[in-house]
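Throughout, residue positions are numbered sequentially from 1 according to the sequence presented. Because the structure is a prediction, the values reported are computed rather than measured. The figures here come from the full heavy-atom set of this structure, side chains too, leaving out hydrogens, waters and symmetry mates.
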Amino acid sequence: EAQLVESGGGSVQTGGSLRLSCTPSGFSYDAYAIGWFRQAPGKEREGVACILPLNGPSWYSNSVKGRFTISSDNTKNTVYLQMNDLAPEDTAVYYCAIDPWGMSSWYPPGGDGVTHWGKGTLVTVSS
């Protein structure tokens, strides 16, 4: 069964850091984009960051650019989202997602190429 296994998340104060990880398993895609969306209470889901693990191009939303870094460790088949300088507006459930057609699903207003979602992990940033 294809799945995205997530870990990380938690609670921090403003200015703190957290790291999320996501490991895809059971997929037979030749190539794919993988990354995170987030959804805050009462808000629509938004793309946060994604990467093409095989050759490295990445994308970030304007709201996290300069604070978050997405990376892939192909030896571990794992993608990481390092989140620094966290702010209360970053509070949300973060979902790992995979799209075999590329990164466009993450670009506003969003696409429908995501085939699998992780279960989500809660990130809470207190002021």
Subject >> Close side-chain approach of Ser58 to Tyr60, heavy-atom, < 4.5 Å >> reply: yes
Subject >> Side chain proximity check, Leu81 to Phe68, heavy atoms < 4.5 angstrom >> reply: yes
**OP:** Tell me yes or no: between the side chains of Thr91 and Thr124, is some donor less than 3.5 Å from an acceptor?
**Re:** no
Subject >> For Asn84, all residues meeting side chain to side chain contact (heavy atoms under 4.5 Å, CB included), sequence neighbours excluded >> reply: Ser17, Gln82
**OP:** Go through the steps to decide whether Val123 and Met83 satisfy the test side chain to side chain contact (heavy atoms under 4.5 Å, CB included), and finish with yes or no.
**Re:** CA-CA 10 Å; Val123 171; Met83 305 183 293; 3.8 Å; yes
Subject >> Nearest atoms (heavy-atom pairs only) where Leu86 meets Leu18 >> reply: CD1-N, 3.8 Å
Original post:
Does Thr14 use its side chain to pair, donor to acceptor, with the backbone of Ala87 at less than 3.5 Å?
Top reply: no
**OP:** For a side chain to side chain contact (heavy atoms under 4.5 Å, CB included) with Val79, tell me which candidate from Ile70, Leu20, Leu4 qualifies.
**Re:** Ile70
Original post:
Looking only at heavy atoms, what is the nearest atom pair of Asn74 and Pro53, with distance?
Top reply: ND2-O, 3.1 Å
**OP:** Could you state whether Ile51 and Trp117 fall into the same hydrophobic cluster, counting links through intermediate Ile, Leu, Val, Met, Phe, Trp or Tyr residues with side-chain heavy atoms under 4.5 angstrom apart?
**Re:** no
Original post:
Between Tyr95 and Lys119, what is the shortest heavy-atom contact and its length?
Top reply: CE2-O, 3.6 Å
Original post:
Are any of the side-chain heavy atoms of Trp106 and Asp99 separated by less than 4.5 Å?
Top reply: yes
Original post:
Do you know which two heavy atoms are closest between Ser127 and Pro88, and how far apart they sit?
Top reply: CB-CG, 4.0 Å
Original post:
Out of curiosity, does Val12 fall in the hydrophobic cluster containing Val48 (side-chain heavy atoms, cut-off under 4.5 Å, transitive links)?
Top reply: yes
Original post:
Angle class for the Trp59/Tyr107 ring planes (parallel below 30°, perpendicular above 60°, tilted otherwise)?
Top reply: tilted
Original post:
How far does NZ of Lys76 sit from OG of Ser21, to the nearest 0.5 angstrom?
Top reply: 10.0 Å
**OP:** Count the heavy atoms of every other residue, nucleotide or ligand shown that sit under 6.0 Å from CD of Glu89, and state whether that count exceeds 12.
**Re:** yes
Subject >> Hphob cluster co-occupancy, Val93 + Ile98, side-chain heavy atoms under 4.5 angstrom >> reply: no
Give every donor-acceptor pair under 3.5 Å between a side-chain atom in residues 22-38 and any protein atom, sequence neighbours left out.
unit_1	atom_1	unit_2	atom_2	d
Thr23	OG1	Thr78	OG1	2.8
Tyr29	OH	Thr115	OG1	2.8
Arg38	NE	Glu46	OE2	2.6
Arg38	NH1	Asp90	OD1	2.9
Arg38	NH1	Tyr94	OH	2.9
Arg38	NH2	Glu46	OE2	3.1
Arg38	NH2	Ser63	OG	3.3

**OP:** Please write out which residues are connected to Tyr80 in a hydrophobic cluster, directly or through intermediates, given that two of Ile, Leu, Val, Met, Phe, Trp, Tyr count as joined at side-chain heavy-atom separations below 4.5 angstrom.
**Re:** none
